[in-house]
Amino acid sequence: MSDHAKIRLYVDHPLAEGERVALSRDQAHYLFGVMRQRVGDQVALFNGKDGEWRAEVVEAGKRAGVLTCLAQTRLLQPPPDLWLLFAPIKKARTDFIVEKAAELGAARILPVQTDFTNTERIRRDRLQAHAIEAAEQCGGTYVPEVAELQRLDQALSNWPEDRHLIFADEALVAAKAALEAAPAGEKWAILIGPEGGFSPAERDRLTALPFVTPISLGPRILRADTAAVAALTLFQATRGDWG
Ligand code: SAM
């Protein structure tokens, strides 16, 4: 199977030599209806745990199909242990944040409700599908989990003490507050606020926490989706897996 023609499909199924993988109706429609694959054709499968596997179509139908795993083509390449906490904004832009977080190597994505968040609920399953689709397209073998929406206060109260939180604080827009100030470590998180920014009470609580480093994302106020991409890029380029 030549690389450039490689169709990559995420399956929620163990992958190992000889493993038979039954496709869902949507996966069958995509492979056989849209991508015109036939019995004997080969595609790449990944499940976020077992790396990437070359698999051959052994049964192809309108609403179902079966592939058999032939050989592992790539080992699992997990991203750095980096969470992205973000306050949901308008649907399309929230989808964008999740998609970019998956491409940019967030290991976990946690939507959080802050004082000025004006979104009461999210469709977690839809956001998880966006993360999967981003991994399929960007060649990732790992898929970040999108957690349920929770209040920021709750996330902070249950915070694991060995994880350092990088707090993108828009109040630092003119300040020199670089990521370099954060200590060395292996477990990280980035926090991005909503369109309305963080409340004074949230800022006071966050800046008083020992595991928090406030940072600036430059001299301009960025949209929340832009800020998420900028913060993830800054982290990956300086402390993550781009080096
Ligand atoms: N309403 C806020 C204001 O006008 O100050 C702006 C909030 S901004 C649209 C959304 C989030 O992006 C902020 O809460 C922060 O996490 C991040 N952000 C945007 N620009 C930033 C900057 N220059 N420095 C640090 N964080 C920034």
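Hydrogens, waters and symmetry mates are skipped; everything else that's a heavy atom, side chains included, is used. Counting starts at 1 for both ligands and their atoms, in listed order.
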Basic-acidic side-chain contact under 4.0 Å: R93, E99: no
Salt bridge check: are R151 and D153 linked by an N-O gap of less than 4.0 Å? yes
Got an N/O contact under 3.5 Å between R223 and ligand 1? no
Face-on cation placement of R8 at F46 ring, 6.0 Å and 45° thresholds: yes
Does the pair K100/E103 count as a salt bridge with the N-to-O cut at 4.0 Å? yes
Contact check, I192 vs ligand 1, heavy-atom distance below 4.0 Å: yes
Nearest-contact summary for atom 4 (O) of ligand 1 - protein heavy atom, Å: I221 CG2, 4.2 Å
State whether the shortest distance between N or O atoms of G218 and N or O atoms of ligand 1 falls below 3.5 angstrom. yes
With a 4.0 Å cut-off on N to O distance, would you call D81 and R108 a salt bridge? no
Think R163 forms a cation-pi with W83, using NZ or CZ under 6.0 Å from the six-ring centre and within 45 degrees of its axis? yes
Judged on heavy-atom distance to atom 10 (C) of ligand 1, which of A168, G197, A87, P194 sits nearest? P194
among protein heavy atoms, the one nearest atom 17 (C) of ligand 1 is A227 CB, 3.5 Å
Within the structure, does F198 bring an N/O atom to less than 3.5 angstrom of an N/O atom in ligand 1? no
Heavy-atom nearest neighbour in the protein, as seen from atom 5 (O) of ligand 1, with distance rounded to 0.1 Å: E170 CG, 3.4 Å
What residue and atom, counting heavy atoms only, is the protein's closest point to atom 2 (C) of ligand 1, and at what distance? E195 O, 3.7 Å
Heavy-atom distance to atom 22 (C) of ligand 1: which of L222, D225, L217, T226 wins? L217
